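One structure is given here, and the rest of the page talks about it.
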Amino acid sequence: MVRANGAVSLRELARVVQTSEVTVRRDVRALEAEGLLDRRHGGAVLPGGFTREAGFPQKSHLATAEKTAIADLAAGLVEEGEAIVVGAGTTTQELARRLARVPGLTVVTNSLLVAQALAHANRVEVVMTGGTLRGSNYALVGSGAEQSLHGLRVSKAFISGSGLTAERGLSTSNMLSASVDRALVQAAAEVVVLADHTKLGTDTMFQTVPTELITRLVTDDPPAHDDRAATELQALADQGVQISVAGGAGTSAADKSPARGDRRRDVSLPGPRRNQPPGASLRPTSLGGDQAGGTERPTARVADLRRR
């Protein structure tokens with residue numbers, strides 16, 4: 001059952017094999033000892049990277065400088081008076097802290113951490129979904145969260161995940177989180193993915209956003225030796241995803257100030273995106289190359305990352 005479905009609850013196992021949950025729990029423990037599955041609270045999953053997911057305490061200490069740089073860059077994509085959706089995650093939490101300064105903003109979110117970051121922003125209206133609290137990432141999930149998003153329409157969705165590939169798009173390790181993320185994306189005219197370089201080239205169990213629906217990726221500059229991330233960035237750009245690269249890996253937030261904008265690159269390849277006429281591209285912002293006389297300066301292609 002675990003091999004067929006990826007994950008299964010102890011209650012469902014007990015029902016199918018017609019025994020008690022106590023017996024099932026003992027058997028699951030024995031199967032885990034043999035390396036055939038991994039136990040989770042209330043159930044079991046396939047072993048390996050496709051289902052493993054770190055909790056919030058672990059995630060909050062990973063790639064902190066990169067997440068700060070990505071959040072700084074992504075915040076510049078939000079305009080005064082916009083209505084947006086922001087998904088759950090440590091990177092989106094960093095983004096929310098910066099959105100508190102955008103007047104007239106309406107933020108729809110299923111993340112308690114995002115809502116908390118905006119709780120004292122007097123000029124920002126926060127709308128939370130319903131749903132069941134998933135304690136590992138402080139997010140509301142389930143049918144209640146998905147139903148509350150039906151009929152919603154906003155300008156942009158800012159979303160993160162566990163992995164990103166050009167072939168499959170954005171993915172996550174949890175089925176409930178994936179379902180809500182898909183509902184968030186369906187509510188937005190443009191989809192902005194926030195993912196640091198460690199997630200590039202990583203594929204996890206549940207797809208949330210296929211590549212063709214991603215308008216823009218905001219990421220950090222991969223290290224020079226990270227060929228996998230550089231190759232994945234080029235493949236995403238080749239499929240029409242606009243790539244915004246913030247600074248260099250491991251650089252502090254102070255290095256991302258406007259005065260050092262030369263460290264930021266915005267790599268945009270032509271290609272129609274959702275809700276845009278053929279040949280149209282996203283409005284140029286100050287986050288990318290210099291502009292003169294209303295013309296955006298040509299920018300370096302992602303292949304340049306390999307040479308770095």
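Because the structure is predicted, anything quoted here is derived from the model rather than measured.
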Contacts of [X] that satisfy side chain to side chain contact (heavy atoms under 4.5 Å, CB included) - sequence neighbours left out:
| X | result |
| --- | --- |
| T92 | V86, V114, S160, L194 |
| V102 | V78, L99, L105 |
| A100 | L118, A121 |
| T23 | T19, S20, R26, D27 |

Would a distance-only check, ignoring hydrogens and angles, find a side-chain to backbone donor-acceptor pair under 3.5 Å from [X] to [Y]?
| X | Y | value |
| --- | --- | --- |
| S244 | V218 | no |
| S177 | N174 | no |
| K67 | D196 | no |

Only counting residues at least two apart or in another chain, list the ones meeting side-chain hydrogen bond (donor to acceptor under 3.5 Å, both in side chains) with T91. none

Taking side-chain hydrogen bond (donor to acceptor under 3.5 Å, both in side chains) as the definition, give me every residue that meets it alongside Q147, ordered by chain and number, with sequence neighbours left out. none

List the steps, then state whether side-chain hydrogen bond (donor to acceptor under 3.5 Å, both in side chains) holds for T211 with R168. CA-CA 6 Å; T211 305; R168 195 156 171 257; over 6 Å; no

Only pairs at least two apart or in different chains count here, so list each salt bridge (Lys or Arg N to Asp or Glu O under 4.0 Å) that has a residue in residues 80-95. E82-K156, E94-R97, E94-R98

Tell me which one of T219, T165, L217, L164 satisfies side chain to side chain contact (heavy atoms under 4.5 Å, CB included) with E232. T165

Under the rule for salt bridge (charged side-chain N to carboxylate O under 4.0 Å, His left out), what residues qualify as partners of E125, not counting sequence neighbours? none

Within residues 100-117 or reaching into it, pairs that qualify as side-chain hydrogen bond (donor to acceptor under 3.5 Å, both in side chains) - sequence neighbours excluded: none

Salt-bridged, R29 to E32, with N to O below 4.0 Å? no

